[in-house]
Amino acid sequence: MTARKRYWLMKSEPDAFSIDDLEKVGTEPWNGVRNYQARNFMRSMQVGDGVLFYHSNCKEPGIVGTATVSSAAYPDETQFDPKSDYHDPKSTREDPRWSLVDVAFERKLTRTITLDEIKQHADALGDGFALIQRGNRLSVLPVTAAQWKFLLALE
DNA sequence: GCCAACGTTGGC
DNA sequence: GCCAACGTTGGC
């Protein structure tokens with residue numbers, strides 16, 4: 001039995017990993033997430049779920065493309081690697097603390113749907129769109145089917 | 001580069 | 001279990 005397709009927004013700093021990088025490699029393990037809430041969202045993802053690819057911490061923050069979840073959650077290898085920036089000495093192979101999913105490139109948007117523009121549509125998006133909630137820093141967050149449709153219609 | 005917001009850590 | 005200190009995120 002397959003659950004109904006769900007939707008997510010995932011942030012990445014384009015200097016570190018951009019939508020162009022994803023297009024080049026095709027599929028990428030979404031490593032380095034070290035926030036429990038974000039991790040829990042990834043653990044609940046299913047193959048085929050839709051992803052809005054968001055560029056953060058850059059000149060023009062916003063949604064730049066779409067991707068799909070292409071694996072179930074599995075342990076993030078970087079947590080075990082002492083040489084990695086994402087190394088977590090408190091995590092063990094027996095009981096891994098951090099998980100990730102693979103994300104597959106779908107398409108680039110013809111233009112960036114900017115954060116500024118998204119904020120202007122806060123009413124239409126409804127309360128609780130985590131991206132534009134005050135002070136929110138979550139790097140992985142859920143998007144409803146209605147929000148997905150609305151946001152992509154702005155393109 | 002600044003800084004507000006927020007999560008985590010660790011002393012007590 | 002409180003909370004101050006600290007580190008990180010991310011818009012500006």
Side-chain angles (χ1 to χ4, degrees), chain A residues 6-25 27-45 49-69 73-144 147-148 150-155:
Chain A
R6 287 187 293 178
Y7 302 94
W8 310 92
L9 181 144
M10 297 172 90
K11 296 181 188 175
S12 185
E13 300 188 16
D15 288 346
F17 190 80
S18 69
I19 187 74
D20 292 319
D21 294 325
L22 184 63
E23 182 173 27
K24 257 175 248 162
V25 296
T27 300
E28 178 76 2
W30 204 264
N31 60 32
V33 171
R34 295 294 178 268
N35 171 283
Y36 288 106
Q37 214 181 335
R39 179 204 68 179
N40 292 342
F41 285 138
M42 286 203 289
R43 285 185 177 175
S44 71
M45 288 181 185
D49 282 359
V51 174
L52 295 172
F53 196 107
Y54 179 91
H55 279 173
S56 67
N57 212 356
C58 57
K59 214 168 182 179
E60 193 178 50
I63 297 162
V64 293
T66 64
T68 52
V69 174
Y74 61 95
D76 180 344
E77 271 303 310
T78 63
Q79 71 194 298
F80 307 124
D81 179 1
K83 293 193 290 288
S84 169
D85 286 347
Y86 303 128
H87 181 232
D88 183 348
K90 290 181 185 159
S91 184
T92 63
R93 290 205 177 264
E94 293 68 39
D95 186 21
R97 182 180 288 189
W98 304 110
S99 303
L100 55 70
V101 295
D102 291 341
V103 171
F105 177 80
E106 194 169 80
R107 72 181 181 99
K108 270 198 268 186
L109 300 193
T110 55
R111 67 180 190 87
T112 300
I113 298 170
T114 65
L115 176 62
D116 189 55
E117 195 177 350
I118 294 167
K119 283 179 177 166
Q120 288 171 28
H121 293 286
D123 287 348
L125 289 161
D127 338 313
F129 186 42
L131 182 72
I132 50 178
Q133 270 172 8
R134 196 175 110 100
N136 196 293
R137 300 179 310 166
L138 258 188
S139 63
V140 176
L141 51 102
V143 175
T144 66
Q147 287 163 349
W148 171 276
F150 183 87
L151 287 166
L152 290 177
L154 295 175
E155 184 182 0

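In the text below, chain A, chain B and the rest are named by the order of the sequence lines, each starting its count at 1.
The stretch residues 50-64 of chain A comes close to DNA chain C through Tyr54(A), Ser56(A), Asn57(A), Pro61(A), each having a heavy atom under 4.0 Å from the strand.
The side-chain contact (heavy atoms from CB on, under 4.5 Å) test with Leu52(A) is passed by exactly one of Trp8(A), Trp148(A), Tyr7(A): Trp148(A).
In this model, a donor atom of one side chain and an acceptor atom of the other lie less than 3.5 Å apart for Tyr74(A) and Asp102(A). The closest side-chain donor-acceptor pair between Asp21(A) and Ser18(A) falls under 3.5 angstrom.
Listed by first and then second residue, the ring-ring contact (aromatic ring centres under 6.0 Å, His included) pairs involving residues 105-141 of chain A are His121(A)-Phe150(A) (not counting sequence neighbours).
Using a 4.0 Å heavy-atom criterion, one finds that Leu138(A) contacts the sugar-phosphate atoms exclusively.
You'll find the ring centres of Trp98(A) and Tyr36(A) inside the 6.0 Å limit.
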Per-nucleotide protein contact along nucleotides 3-11 of chain B, 5' to 3', at a 4.0 Å heavy-atom cut-off (B base, S sugar-phosphate only, - neither), is --BBSS-S-

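No donor-acceptor pair under 3.5 Å is formed between the side chain of Arg93(A) and the backbone N or O of Phe80(A).
Counting heavy atoms from C-beta on, the side chains of Leu125(A) and Thr144(A) never come closer than 4.5 Å.
Under 4.0 Å is where a charged nitrogen must lie from a carboxylate oxygen, and between Asp76(A) and Arg34(A) at least one such pair does.
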